[in-house]
Amino acid sequence: MALHLYNTASRQKEEFVPRDPANVGMYVCGPTVYDTAHIGNARPVIIFDVLARLLRLQYGDAHVNYVRNITDVEDKIIAAAEANGESIEALTTRTTKAYHEDMAEMGALPPNREPKATEHIVGMVEMIGVLMEKGHAYEAEGHVLFDVTSMADYGKLSGRNRDDMIAGARVEIAPYKKDPADFVLWKPSADDIPGWDSPWGRGRPGWHIECSVMSRAELGDTFDIHGGGRDLIFPHHENEVAQSCCANGDGTFARYWVHNGFLTVEGDKMSKSLGNFRTVRELLAEAPGEALRLNMLSAHYRQPLDWTSDGVKQSKTNLDKLYTSLQSLSDVEADESQVAKSVLDALEDDINTPKALAALYALSSAANKETNLVERSKIKGKLLSGGNLLGLLQQDPKEWFQGAEEGDVTADQIEALILERVEAKTNKNYARSDEIRDSLKDQGIVLEDSPQGTTWKRV
RNA sequence: GGCCUGGUGGCGGAGUGGUGACGCAGCGGAUUGCAAAUCCGUGUACACCAGUUCGAUUCUGGUCCAGGCCUCCA
């Protein structure tokens, strides 16, 4: 089947047909770099990484342009830098670097392009100028505001109308707004905070304009996929649509809107007040990034995902199982012409990763049973290619089982003890052989005997 | 108040108008010196109440419950 995606704009699954049959453009809202990434930030990264892998397989690496921005100018950044007593640049550089490291640990490939908001200020000023000229924006008390009444379709993406928004407003409305739903395009900066010169005075951009400008600069007025967390539907994406369509023309901008659901931690929403913010860094100390990734993929991306340490453990177990099969296939070379059709089919159905994982488990099970070498080679090819689509199973199994940081025992010591144990077993000295096995087990090393000999792994 | 998701076996989690994925855990068996790993077998699950239907977990309406957005947020 062809790729189908649930399009937030139409509220249904649609067949994905790119604008240009040969090339695909995808824009995903990236982080505002003011703090280290938490596990919730990782969800869209991993989901859209899987989608990018799928698109690259189908259209070719050179024909997919995956853009994910870095928002490095924003009031939270200013506040955090001040609180930390560090410069804004130091904060954004440090945070961006940590973000890249954390996402790489979770197996996310870098996007093709990663524009930074601060590199696109000129474009933002230009776009705001166009909106002013076309009568979609106005200046008030040093701010430039988008006039939502100038756009008939405003609210369409998120499915809400202006009256509802006004009725539901829980914040005080700035007195200079013509309409309560108007939002800021440009705001004035005091001398001690970052600002750029503009026709409306020294200032900085509002929250939404950067994505309208960067997506256009990288992908053009109209492009295929726009992604992000579902909390961004309103107001962020709604306002992006308003800015872009009003500046560039009706019917432009993103064609497919893809939004991932939220995740909770041990049943609760992550929040600073509950103290349950889990950073990717902390979680990496608990389990390998690949296990965190599998855990993330174990629920469908549009469903809520409850992140629990039990779930992480189970994901680690499942990954062990897959790597065990892969290890057992070390007697054959992978047949690289094989495509894991079952995995592909699942992913083409709106990125159904739980189904894709089930397909991987089926391959694993088949591998454990198959004795024919040609078939084993095919299965290995499928396991690896299916794993690659999901960003899993790309390590050497030996590395997976034995490569974790050395504990109290080194690999050499373990090998020596295995030799001693083999000898003890040969002499039917089972007391000694069990003693060795038990003692290693206490140190987190599990021995497995097979007709081919004894292997070990760290657990 | 408005808008929007969900409620599936012990747990996680797909899916479907008709023969109940998949994984973890459990139980039984095979294998093993004993294990581990693996294999085989094993589960009368779809919040509740109506309705439509030959038949609903799947469609419709209502109820209850949980959560999200409307304000910074992935």
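Here is the naming used below: chain letters follow the sequence lines, and residue numbers restart at 1 for every chain.
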- Query: Between Ile436(A) (CD1) and G33(B) (P), how many Å, whole number?
  - Reply: 17 Å

- Query: Any idea which heavy atoms bring Met124(A) and Val213(A) closest together, and the distance?
  - Reply: CA-CG2, 3.6 Å

- So does Lys380(A) pair up with Asp331(A), basic N to acidic O under 4.0 Å? no

- Rounded to whole angstrom, note down the C1' distance from G18(B) over to C46(B). 16 Å

- Any chance the side chains of Ser244(A) and Ser212(A) put a donor and an acceptor closer than 3.5 Å? yes

- Item | Rounded interatomic separation in angstrom, taking NZ from Lys428(A) and C1' from C34(B) | 13 Å

- Task: Give the C-alpha distance, both sets of side-chain angles, the deciding distance and a yes or no for side-chain contact (heavy atoms from CB on, under 4.5 Å) between Ser298(A) and Gln314(A).
- Result: CA-CA 10 Å; Ser298(A) 66; Gln314(A) 199 182 110; over 6 Å; no

- Task: Among A37(B), A35(B), C22(B), find the nucleotide with the atom closest to the side chain of Ala358(A).
- Result: C22(B)

- Message: Below 4.0 angstrom, which residues in residues 345-354 of chain A have at least one non-hydrogen atom near RNA chain B?
- Response: Asn352(A), Pro354(A)

- Query: On a whole-Å scale, what distance lies between the P atoms belonging to G68(B) and G10(B)?
  - Reply: 26 Å

- Note on the structure: Smallest heavy-atom separation, Ala367(A) atom then Ile379(A) atom, equals CB-CG2, 3.7 Å

- Sugar-phosphate only, base, or nothing, as touched by His38(A) at under 4.0 Å among non-hydrogen atoms: base

- Item | Results of side-chain hydrogen bond (donor to acceptor under 3.5 Å, both in side chains) for Asp72(A) - residues two or more places apart only | Thr118(A)

- Query: Going by atom types alone, do Glu238(A) and Ser158(A) pair a side-chain donor with an acceptor below 3.5 Å?
  - Reply: yes

- Message: Would you measure the distance from the C1' atom in G9(B) across to the matching atom in G67(B) and give it in whole Å?
- Response: 23 Å

- Would you indicate which nucleotide in C34(B), G13(B), A37(B) comes nearest to any side-chain atom of Asp449(A)? C34(B)

- Within residues 319-330 of chain A: residues closer than 4.0 Å to RNA chain B (heavy atoms): Lys321(A), Thr324(A)

- Taking a pair as Watson-Crick (N1 to N3 plus N6-O4 or O6-N4) or G-U wobble (N1-O2 and O6-N3), both under 3.5 Å, which stems of 3 or more consecutive pairs involve RNA chain B? B:1-7 with B:64-70, B:10-12 with B:22-24, B:26-30 with B:38-42, B:47-51 with B:59-63

- Message: What's Gly40(A) touching, base or sugar-phosphate or nothing? Going by heavy atoms closer than 4.0 Å.
- Response: base

- For Leu360(A) and A14(B), what is the distance between atoms CG and P respectively, to the nearest whole Å? 17 Å

- Item | By side-chain hydrogen bond (donor to acceptor under 3.5 Å, both in side chains) - contacts of Lys97(A) (at least two apart) | Glu101(A)

- Rounded interatomic separation in angstrom, taking CD1 from Ile445(A) and P from A36(B): 18 Å

- Query: Between the side-chain atoms of Asp231(A) and the base atoms of G68(B), is any donor-acceptor pair under 3.5 Å?
  - Reply: no

- Query: Among all residues two or more places apart in sequence or in another chain, which pass the side-chain contact (heavy atoms from CB on, under 4.5 Å) test with Gln443(A)?
  - Reply: Asp408(A), Val409(A), Ser439(A), Leu440(A)

- Message: Going by side-chain hydrogen bond (donor to acceptor under 3.5 Å, both in side chains), name the residues that satisfy it together with Asp349(A), two or more places apart in sequence or in a different chain.
- Response: Lys13(A)

- Query: For Leu447(A), which contact category applies under a 4.0 Å heavy-atom criterion: base, sugar-phosphate, or nothing?
  - Reply: base

- Query: When the distance from CG of Leu294(A) to P of C24(B) is rounded to whole Å, what number comes out?
  - Reply: 12 Å

Report all interatomic pairs (protein N or O, nucleotide N or O of nucleotides 4-7 of chain B) with separations under 3.5 Å.
| unit_1 | atom_1 | unit_2 | atom_2 | d |
| --- | --- | --- | --- | --- |
| C4(B) | O2' | Arg230(A) | NH2 | 3.4 |

- Query: Reckon Arg421(A) touches a base, only the sugar-phosphate, or nothing at all at heavy-atom distances under 4.0 Å?
  - Reply: base

- Task: Provide the distance between the two C1' atoms, one in G26(B) and one in G43(B), to the nearest whole Å.
- Result: 10 Å

- Of all the nucleotides listed (A74(B), A37(B), C24(B)), which has the minimum atom distance to the side chain of Thr317(A)? C24(B)

- Item | Residue-phosphate contact under 4.0 Å: Thr32(A) side-chain N/O, C72(B) OP1/OP2 | no

- Task: Look at the side chain of Gln314(A) and the base of G23(B), then say whether one donor and one acceptor between them are separated by less than 3.5 Å.
- Result: yes

- Message: Tell me every residue that passes ring-ring contact (aromatic ring centres under 6.0 Å, His included) with Phe262(A), counting only those two or more places apart in sequence or in another chain.
- Response: none

- Salt bridge flag under 4.0 Å for residues Glu89(A) and Arg94(A): no

- Message: Applying salt bridge (charged side-chain N to carboxylate O under 4.0 Å, His left out) as the test, list every pair that has at least one member in residues 289-308 of chain A; sequence neighbours left out.
- Response: Asp49(A)-Arg293(A), Arg302(A)-Asp350(A)

- Message: Between Cys29(A) and Asn318(A), which residue's closest nucleotide on RNA chain B lies nearer the 5′ terminus?
- Response: Asn318(A)

- Message: What is the distance, to the nearest angstrom, from the NE2 atom on His300(A) to the P atom on A14(B)?
- Response: 8 Å

- Winner on side-chain proximity to Asp434(A), out of C34(B), C70(B), C24(B), is C34(B)

- Check if the side chain of Arg43(A) and the base of A74(B) share a donor-acceptor pair of N or O atoms closer than 3.5 Å. no

- Message: Any salt bridge linking Glu420(A) with Arg432(A)? Criterion: basic side-chain nitrogen under 4.0 Å from a carboxylate oxygen.
- Response: yes

- Message: Run the side-chain hydrogen bond (donor to acceptor under 3.5 Å, both in side chains) test against Thr8(A) and tell me which residues pass, sequence neighbours left out.
- Response: His259(A)

- Query: What about Phe183(A) and His208(A), are their ring centers closer than 6.0 Å?
  - Reply: yes

- Message: Say we look at C11(B) and G51(B): how far apart would their C1' atoms be, to the nearest angstrom?
- Response: 34 Å

- Is there a donor-acceptor contact under 3.5 Å linking the side chains of Glu86(A) and Asn84(A)? yes

- Query: Does Phe262(A) stack onto the base of A74(B), taking stacking as ring centres under 5.5 Å apart and planes under 30° apart?
  - Reply: yes

- Query: In terms of side-chain heavy atoms, does Asp310(A) have a donor or acceptor partner in Thr308(A) at a distance below 3.5 Å?
  - Reply: no

- Toward the 5' end of RNA chain B, by each residue's nearest nucleotide, Tyr430(A) or Ser298(A): Ser298(A)

- Query: Got a sec? Which of residues 366-378 of chain A come in under 4.0 Å of RNA chain B, heavy atoms?
  - Reply: Asn368(A), Lys369(A)

- Item | Closest non-hydrogen atom pair, Ile70(A) against Glu114(A) | CG1-CG, 3.6 Å

- Task: Could you check how far CG of Asp49(A) sits from P of A74(B), rounded to whole Å?
- Result: 18 Å

- Message: Considering every strand and a 4.0 Å limit on heavy-atom distances, what is the contact class for Leu263(A): base, sugar-phosphate, or nothing?
- Response: base

- Touch class at under 4.0 angstrom, heavy-atom based, for Ser365(A) against every strand present: sugar-phosphate

- In whole angstrom, give me the gap between the C1' atoms of U44(B) and A50(B). 25 Å

